[in-house]
Peer 1: 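Before I ask anything, let me first share the structure, which is written out below as structure tokens.
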There are 2 protein chains.
Amino acid sequence: MEPARKQTGAQTSSGGRPRSPRIQQAILKAAVDLALESGFRAISMDDIAARANVGRMTIYRRWCNKAAIVMDAFVARVDPGTLFLPAQSYTESIRLQMRSMAKLFRGKDGALIRALLAEAQFDPRLAVELRDRWTMPRRKMAIAYFQQGIKDGFLRPDVDPDAMIDILYAPIYYRLQMGTGPLSDAYVDEIFAHAMKGLRKV
Amino acid sequence: MEPARKQTGAQTSSGGRPRSPRIQQAILKAAVDLALESGFRAISMDDIAARANVGRMTIYRRWCNKAAIVMDAFVARVDPGTLFLPAQSYTESIRLQMRSMAKLFRGKDGALIRALLAEAQFDPRLAVELRDRWTMPRRKMAIAYFQQGIKDGFLRPDVDPDAMIDILYAPIYYRLQMGTGPLSDAYVDEIFAHAMKGLRKV
DNA sequence: ATGGATACGATACAGCTCGTATCGATCCGG
DNA sequence: CCGGATCGATACGAGCTGTATCGTATCCAT
């Protein structure tokens, strides 16, 4: 029901005192620190303002709620990462990419995306932001990599790359949220191996 | 930080006026109806009390927050369902079970579990409830069915049933939350088929 | 340099929700 | 028939939200 963010750089363009980038960073850091310390739900805009030593209006001028702040901070944190790096083999590169994502989720970023994904279930605008700035960019990269793998004969030509993404990566999100077990490298390897070779006995 | 439920049937046993089961049902129905109409986040305890024609204290005597109410209502709604029914073949029964879960998620119960799963990310007690009363019972059933399938030679003997569950069912949860596409039977069939035969070209 | 325009910290305000407390009335069991 | 817990209703303090306003600070254009 609430807007997920106000307007990223909409500063009516000309005239007046420009917004301080130093304050911007202070707010982002305060929001992330507090969210990791006390939990996203427990903190308020007041808390963030107090921690960042800024007025509450200064925050509301840029973001409309704490989810939008954490969203910006999260994207800035993880943006340079999670690519398909070259490995010993084509499929090995996929496995390592899955591992790096699991490692990300085990750390602080895991707590952040857990909160963002949950919050997005109640905030349609945040859901769009999360899809546009986190989910879809990574899916597009994966699709391109998988299509290349199909062309090169490493992957079955009759698979939909979208379904392939879901089979490989959805379990990582699932375990992040459900807590049915540790998000370990061993788990990732298991998902990868079984998904690659199939579950049916031949 | 907040308790997920108070005590299910703790009515100090003897003496005094017993709690009305009619009121219990009215509250559960009011909570679900309102959550589906306006969204879980938008409704308050006051709204539920008003819709159920009940005092707010009457609700707080039984549940400690709206998530606990919706949790009870959800479990009561879907409890008799989602079993592995006999089909033309062993694996076909798995596919049909996945379809029935997707169908559940497409309907009103999908909206409910979406809210509960999201809320559980912020409420540890609710997370335990959700795992004990929804997730684990179904995982246990699936594990038993898969172990039988391994013994009967339908499934690879070197798969961990837990990993198998995640590969098959996590994509359904993923799409429910991410909205990367429709939760259609065609999608379920695709996940099932690819997971069964594997992604790697042989 | 000077004035217009905006950001900034601080404070106040109404509205909503929560959780608890309390009231008299109701209803059940011993 | 009487103790005891539930019931609807109401009130209360506390916290958070979103907006408004004040005086000050800072930048851009003239």
Side-chain angles (χ1 to χ4, degrees), chain A residues 1-28 30-31 34-35 38-70 119 122-123 125-126, chain B residues 1-28 30-31 34-35 38-70 119 122-123 125-126:
Chain A
M1 292 300 176
E2 287 302 317
R5 87 188 320 219
K6 200 143 279 180
Q7 60 272 32
T8 308
Q11 199 176 344
T12 28
S13 58
S14 68
R17 175 178 174 177
R19 291 181 184 169
S20 161
R22 202 190 113 274
I23 288 177
Q24 189 90 358
Q25 295 307 315
I27 296 172
L28 290 175
L34 282 174
S38 315
F40 176 82
R41 179 65 71 86
I43 67 175
S44 68
M45 294 293 255
D46 280 281
D47 297 333
I48 298 172
R51 173 72 69 103
N53 287 313
V54 299
R56 225 149 41 91
M57 269 310 295
T58 303
I59 299 183
Y60 276 112
R61 226 187 306 272
R62 304 164 191 238
W63 299 278
C64 55
N65 56 42
K66 53 181 176 174
I69 306 175
V70 174
E119 198 69 9
F122 305 119
D123 184 342
R125 291 215 220 179
L126 178 66
Chain B
M1 294 298 177
E2 287 302 317
R5 86 187 323 217
K6 200 144 280 180
Q7 59 273 33
T8 309
Q11 197 176 346
T12 30
S13 59
S14 68
R17 175 177 174 177
R19 290 182 184 168
S20 162
R22 203 192 112 273
I23 288 176
Q24 188 91 357
Q25 295 307 314
I27 296 172
L28 290 174
L34 282 174
S38 314
F40 177 81
R41 179 64 70 88
I43 67 175
S44 68
M45 294 293 255
D46 281 280
D47 297 332
I48 298 173
R51 173 71 69 102
N53 286 314
V54 156
R56 224 150 41 93
M57 267 310 295
T58 302
I59 299 183
Y60 276 112
R61 226 187 306 271
R62 304 166 191 236
W63 299 278
C64 55
N65 57 40
K66 54 181 175 173
I69 307 175
V70 173
E119 198 70 9
F122 305 120
D123 183 343
R125 292 215 221 178
L126 179 65

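Each chain gets a letter, A, B and so on, in the order its sequence line appears, and its residues count up from 1. Nothing here was measured: the structure is a model prediction, and the numbers come from that model.
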Peer 1: With a 4.0 Å cut-off on heavy atoms, is A:D46 in touch with a base, just the backbone sugar-phosphate, or nothing at all?
Peer 2: base

Peer 1: Rounded to whole Å, how long is the line connecting atom NZ of A:K66 with atom C1' of D:dT17?
Peer 2: 11 Å

Peer 1: Please report the distance, rounded to the nearest Å, between CG in B:L34 and P in C:dT17.
Peer 2: 12 Å

Peer 1: Give a yes/no on whether any side-chain N or O of A:T58 is located under 4.0 angstrom from OP1 or OP2 of C:dA7.
Peer 2: no

Peer 1: Over how many whole Å does the gap from A:I59 atom CD1 to D:dT19 atom P extend?
Peer 2: 14 Å

Peer 1: Given atom OH of A:Y60 and atom C1' of C:dG9, what is their separation to the nearest angstrom?
Peer 2: 16 Å

Peer 1: Which part of the nucleic acid, if any, lies within contact of A:M45, taking any heavy atom under 4.0 Å across all strands shown: a base, the sugar-phosphate backbone alone, or nothing?
Peer 2: sugar-phosphate

Peer 1: Could you pick out which residue, A:G16 or B:A52, lies toward the 5' side of DNA chain D when each is mapped onto its nearest nucleotide?
Peer 2: B:A52

Peer 1: Between atom CD1 in B:I69 and atom P in C:dG19, what is the gap in whole Å?
Peer 2: 11 Å

Peer 1: Is there a donor-acceptor contact under 3.5 Å linking the side chains of A:R19 and A:Q24?
Peer 2: no

Peer 1: Quick one: is C:dA5 close enough that its OP1 or OP2 comes under 4.0 Å of any side-chain N or O from A:R17?
Peer 2: no

Peer 1: Look at the side chain of B:S44 and decide which nucleotide, out of D:dC16, C:dC18, D:dC27, has an atom nearest to it.
Peer 2: C:dC18

Peer 1: Distance check, rounded to the nearest 0.5 Å: A:N53 atom CG versus A:I27 atom CD1?
Peer 2: 11.0 Å

Peer 1: Starting at the 5' end of DNA chain C, which residue's closest nucleotide do you reach first, A:I23 or B:M57?
Peer 2: A:I23

Peer 1: CZ of B:R61 versus C1' of C:dT22: gap in Å, rounded?
Peer 2: 12 Å

Peer 1: Rounding to an integer number of Å, can you tell me how far B:I43 CD1 sits from C:dC18 C1'?
Peer 2: 14 Å

Peer 1: Is the closest side-chain heavy-atom distance between B:D123 and A:R41 below 4.5 Å?
Peer 2: no

Peer 1: Are any non-hydrogen side-chain atoms of B:L34 and B:K66 less than 4.5 angstrom apart?
Peer 2: no

Peer 1: According to a strict under-4.0 Å criterion, is B:R56 in side-chain N/O contact with OP1 or OP2 of D:dC12?
Peer 2: no

Peer 1: Atom CD1 of B:I69 and atom SG of B:C64: how far apart are they, to the nearest 0.5 Å?
Peer 2: 9.0 Å

Peer 1: Rounded to whole angstrom units, what separation is found between the CZ atom of B:R19 and the P atom of D:dG8?
Peer 2: 13 Å

